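Not measured: the values here are computed from a predicted model.
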Amino acid sequence: MKKLQIIDRSRDEHFMREALALAAQGAALGEVPVGAVLVKDGEVIGRGFNCPISQHDPSAHAEMVAIRAAALAVENYRLPGSTLYVTLEPCSMCAGLIVHSRIARVVYGAREPKAGVVVSRGQFFTQDFLNHRVLVEGGVLMEECGAVLVDFFRQRRAARD
């Protein structure tokens, strides 16, 4: 029998603020400001921010970095019972990784209308072929998460002009 998970909005906001702080670290390096934290039993086990440019790694999305760090920390490639907090709706690559690592829940801030596969461009986590189900909560601190991205790209465009 599956254990019922009780959603605590204040806890979700707390960890999303940590993800926002990580997004700011990425922005300071010129990376698209997306941050992620992976939490299990109320403790952060992995942190990450987008760094594909600085790492010369197209897979170095915030989710990927946080999940890799968590797997190393717990010495297991499976992360059951964990929650991933990410400031932007995951893409298809990250959604696949979330399923393969058996993360229980994803909480995201802003929608990603071009590449998000949770709700914007499809509903990846509801596909019949998946052997793991992920609970999803969207829109946590959505305005703040979206504003970080809007400001980043506004500044980038202004610097080009």
Side-chain angles (χ1 to χ4, degrees), residues 12 14-40 43-125 127 130 132 134-142 144-160:
D12 286 351
H14 168 78
F15 288 118
M16 188 61 75
R17 288 190 197 292
E18 279 202 46
L20 277 164
L22 289 162
Q25 288 180 34
L29 297 174
E31 301 281 359
V32 174
V34 178
V37 295
L38 194 62
V39 176
K40 184 166 181 166
E43 298 292 324
V44 175
I45 58 172
R47 291 176 171 82
F49 56 82
N50 270 6
C51 54
I53 299 166
S54 59
Q55 296 296 313
H56 310 290
D57 179 357
S59 72
H61 289 195
E63 302 95 321
M64 183 81 67
V65 174
I67 292 168
R68 285 176 179 159
L72 284 171
V74 301
E75 298 180 333
N76 194 340
Y77 72 111
R78 301 284 198 218
L79 302 163
S82 62
T83 298
L84 178 68
Y85 294 88
V86 60
T87 59
L88 186 65
E89 178 184 359
C91 70
S92 59
M93 175 183 69
C94 294
L97 177 63
I98 289 162
V99 169
H100 286 293
S101 57
R102 304 296 191 263
I103 291 170
R105 183 170 173 251
V106 172
V107 178
Y108 68 90
R111 284 191 176 183
E112 202 330 4
K114 292 183 180 178
V117 298
V118 178
V119 294
S120 295
R121 303 305 275 169
Q123 296 181 341
F124 180 83
F125 294 123
Q127 298 302 308
L130 296 174
H132 174 70
V134 178
L135 298 173
V136 176
E137 176 84 17
V140 174
L141 300 183
M142 179 174 53
E144 288 112 304
C145 292
V148 167
L149 289 157
V150 168
D151 291 346
F152 175 81
F153 286 111
R154 183 178 294 131
Q155 289 174 10
R156 190 179 251 185
R157 283 190 298 278
R160 277 192 312 222

Visitor: Would you call L149 and V32 a side-chain contact if the rule is heavy atoms closer than 4.5 Å?
Guide: yes
Visitor: Run the side chain to side chain contact (heavy atoms under 4.5 Å, CB included) check on L84 and Y108 step by step: do they pass?
Guide: CA-CA 8 Å; L84 178 68; Y108 68 90; over 6 Å; no
Visitor: Any chance you could measure N50, atom CG, to L22, atom CG, to the nearest 0.5 Å?
Guide: 11.0 Å
Visitor: Test of understanding: with salt bridge (Lys or Arg N to Asp or Glu O under 4.0 Å), list the residues that count as partners of R154, not counting sequence neighbours.
Guide: D151
Visitor: Are any side-chain N or O atoms of E31 and backbone N or O atoms of I53, one a donor and one an acceptor, separated by less than 3.5 Å?
Guide: yes
Visitor: Applying salt bridge (Lys or Arg N to Asp or Glu O under 4.0 Å), can you list everything that pairs with R17, at least two apart in sequence or on another chain?
Guide: E144
Visitor: Within this structure, what is the CG-CD1 distance for the pair L130 and I98, rounded to the nearest 0.5 Å?
Guide: 11.5 Å
Visitor: Output the distance between atom CZ (R105) and atom CD (E137), rounded to the nearest 0.5 Å.
Guide: 5.5 Å
Visitor: Would you find a donor on one side and an acceptor on the other, under 3.5 Å apart, between the side chain of R78 and the backbone of H100?
Guide: yes
Visitor: Considering non-hydrogen atoms only, spot the tightest contact between A60 and P52 and give its length.
Guide: O-CD, 3.3 Å
Visitor: How close do F125 and V118 get, counting heavy atoms only, and between which atoms?
Guide: CE1-CG2, 3.7 Å
Visitor: T87 and M16: side chain to side chain contact (heavy atoms under 4.5 Å, CB included), yes or no, with the steps?
Guide: CA-CA 7 Å; T87 59; M16 188 61 75; 4.1 Å; yes
Visitor: Roughly how far apart are C91 SG and E112 CD, rounded to 0.5 Å?
Guide: 8.5 Å
Visitor: Can you find a heavy atom in the side chain of V86 that is under 4.5 Å from one in the side chain of V107?
Guide: no
Visitor: For C51 versus V65, what's the shortest heavy-atom pair and its separation?
Guide: SG-CG2, 3.9 Å
Visitor: Considering all heavy atoms of both residues, which atom of A66 and which atom of A36 are nearest to each other, and what is their separation?
Guide: CB-O, 3.8 Å
Visitor: Does R68 have more than 12 heavy atoms from other residues, nucleotides or ligands lying within 6.0 Å of its CZ?
Guide: yes
Visitor: With side chains defined as the heavy atoms from C-beta onward, is the minimum distance between V74 and L79 less than 4.5 Å?
Guide: yes
Visitor: When you check the side-chain N and O atoms of S120 and E89, is any donor under 3.5 Å from an acceptor?
Guide: yes
Visitor: Checking side chain to side chain contact (heavy atoms under 4.5 Å, CB included) for the pair R111/V119: CA distance, chi angles, key distance, verdict?
Guide: CA-CA 8 Å; R111 284 191 176 183; V119 294; 3.4 Å; yes
Visitor: Output the distance between atom OH (Y77) and atom CZ (R102), rounded to the nearest 0.5 Å.
Guide: 7.5 Å
Visitor: Measure from the side-chain N and O atoms of Q127 to the backbone N and O of Q123, and report whether any donor-acceptor pair falls under 3.5 Å.
Guide: yes
Visitor: Could you check R121 against K114 for side chain to side chain contact (heavy atoms under 4.5 Å, CB included), going step by step and ending with a plain yes or no?
Guide: CA-CA 7 Å; R121 303 305 275 169; K114 292 183 180 178; 5.9 Å; no
Visitor: Q55 side chain to D57 main-chain N or O, any donor-acceptor pair under 3.5 Å?
Guide: no
Visitor: Roughly how far, to the nearest 0.5 Å, is CG of L135 from CD1 of I103?
Guide: 12.5 Å
Visitor: Which atom pair, heavy atoms only, marks the closest approach of D12 to Y85?
Guide: OD1-OH, 2.8 Å
Visitor: Is there a salt bridge (Lys or Arg N to Asp or Glu O under 4.0 Å) between R47 and E18 once you walk through the steps?
Guide: CA-CA 9 Å; R47 291 176 171 82; E18 279 202 46; 3.5 Å; yes
Visitor: Heavy atoms only: give me the nearest G30-F152 pair and the separation to one decimal.
Guide: O-CZ, 3.8 Å
